[in-house]
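Here the structure is laid out as structure tokens; the discussion comes afterwards.
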Amino acid sequence: MKYLPEIRLTPTRPALDKRPLDKRVGLIILATDHTTEPDFRRMVANDRIGVYVARIPYANPTTPENLRKMQPSLTAGAALILPDEPLDAICYSCTSASVVIGDAEIEAAVQAAKPGVPVVTPPMAGVRGLKALGARTISILTPYTVETSRPMAAYFAAHGFDIASFTCLGFEDDREMARIAPASLVDLAVKATDAQADALFVSCTALRAALAVVGMEEAIGRPVVTSNQATAWNCLRLCGDEEPRAEFGRLMTLPLN
């Protein structure tokens, strides 16, 4: 047997930083999600902001009933993200579920595990983003069925927007939604945007729409807000990051009001 050296314990420990990274963003995502993590790596994570993820159970098809079934898992999911440590923001990354469960209910469930943390949902971030852009009349594009899209229309109408047009693609599986090519979304945005709309909202965290924002904005000649772009923008601003990121659309150049 080879000689093993004596293992020495140092008499002093090195000084510790307050945190490994200055800011912490938590993500609660669906078990089936292919898109939110890559998007947040591109748009949020940097040498000052860490992104920490928990997945919760979800089963397709994407119906209001199945979306509501995630609500009981939200507290446990939040508790798994850096247990007993504070976060600077936490995002529940499902637009359609946030609409059918409710922003206030999601906030309460998350804060049961992470008291006081600012909670971001995609539809509320979308509302904030559209208002920051000065939009009043909007078009909406979703990958969902008519049944799942209907509560989305009611949500944005309840937040004071006039909806000039609403287009849905009829998908029931979020894994298939993630396979829609970003270039296809540019063409779809042109068809979905009404001439009277001030902006287009593209719903769904499964869509790779953040990669297509600039192309969509150029094609329709007005601002585009997408689910993951809006939540990334909201979380960045909550972390004090005001750097403009025009490569992800006009919204990413604006402050959070």
Side-chain angles (χ1 to χ4, degrees), residues 20-21 23-46 49-103 105-115 117-126 142-144 148 152 171-180 202-211 226-236 238-239:
L21 291 174
K23 297 292 183 179
R24 301 166 173 160
V25 173
L27 278 178
I28 302 172
I29 66 175
L30 282 58
T32 51
D33 187 322
H34 284 271
T35 307
T36 301
E37 284 181 276
D39 274 354
F40 266 62
R41 281 199 300 269
R42 294 184 192 99
M43 294 188 286
V44 178
N46 57 43
I49 302 174
V51 176
Y52 306 93
V53 183
R55 288 178 178 259
I56 61 173
Y58 174 70
N60 283 293
T62 302
T63 62
E65 180 184 6
N66 281 347
L67 293 165
R68 287 190 190 94
K69 289 178 181 177
M70 284 187 279
Q71 184 173 357
S73 300
L74 289 171
T75 302
L80 289 172
I81 302 174
L82 302 181
D84 303 319
E85 296 188 69
L87 301 173
D88 298 285
I90 191 164
C91 172
Y92 171 47
S93 192
C94 187
T95 320
S96 50
S98 296
V99 165
V100 299
I101 295 170
D103 291 321
E105 289 77 5
I106 290 168
E107 180 178 73
V110 170
Q111 290 184 345
K114 294 289 187 182
V117 65
V119 177
V120 176
T121 71
M124 181 50 68
T142 85
Y144 320 127
T148 303
M152 189 74 59
F171 284 80
E172 293 186 323
D173 191 317
D174 70 316
R175 296 164 297 183
E176 291 182 345
M177 298 173 197
R179 291 164 53 194
I180 299 172
V202 183
S203 179
C204 192
T205 59
L207 290 179
R208 290 175 288 160
L211 296 174
T226 81
S227 291
N228 286 349
Q229 172 223 37
T231 55
W233 166 77
N234 202 156
C235 289
L236 283 167
L238 288 171
C239 288

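Just so you know, these numbers come straight off a predicted model, no measurement behind them.
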[Y] backbone acceptor or donor facing [X] side chain under 3.5 Å:
X      : Y      : answer
Arg24  : Leu87  : no
Thr62  : Glu172 : yes
Lys114 : Ile81  : yes
Arg42  : Leu211 : no
Asp174 : Met177 : no
Asp39  : Gln229 : no

Working to the nearest 0.5 angstrom, can you tell me the gap between [X] [atom1] and [Y] [atom2]?
X      : Y      : atom1 : atom2 : answer
Ser203 : Met152 : OG    : CE    : 3.5 Å
Tyr58  : Asp33  : OH    : CG    : 11.0 Å
Thr75  : Ile106 : OG1   : CD1   : 11.0 Å
Met70  : Ile101 : CE    : CD1   : 6.0 Å
Thr226 : Trp233 : OG1   : CH2   : 12.0 Å
Asn234 : Thr231 : CG    : OG1   : 8.0 Å

Arg68 and Glu105: CA distance, side-chain angles, deciding distance, salt bridge (charged side-chain N to carboxylate O under 4.0 Å, His left out) verdict: CA-CA 11 Å; Arg68 287 190 190 94; Glu105 289 77 5; over 6 Å; no
Non-hydrogen side-chain atoms of Pro118 and Ile90 separated by less than 4.5 Å: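 The answer is no; the side chains never approach within 4.5 Å.
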Residue pair Val117 / Gln111, side-chain heavy-atom distance below 4.5 Å: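 SC-SC contact between Val117 and Gln111 confirmed.
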Which heavy-atom pair separates [X] from [Y] by the least distance, and what is that distance?
X      : Y      : result
Asn228 : Phe40  : O-CE1, 4.2 Å
Cys239 : Lys23  : O-CE, 3.6 Å
Asn60  : Arg175 : ND2-NE, 3.6 Å
Ser93  : Ile29  : CB-CG2, 3.8 Å
Cys94  : Leu67  : SG-CD2, 4.0 Å
Leu207 : Thr35  : O-CG2, 3.4 Å

Residues Ser227, Thr95; criterion side-chain hydrogen bond (donor to acceptor under 3.5 Å, both in side chains); working and verdict: CA-CA 7 Å; Ser227 291; Thr95 320; 2.8 Å; yes
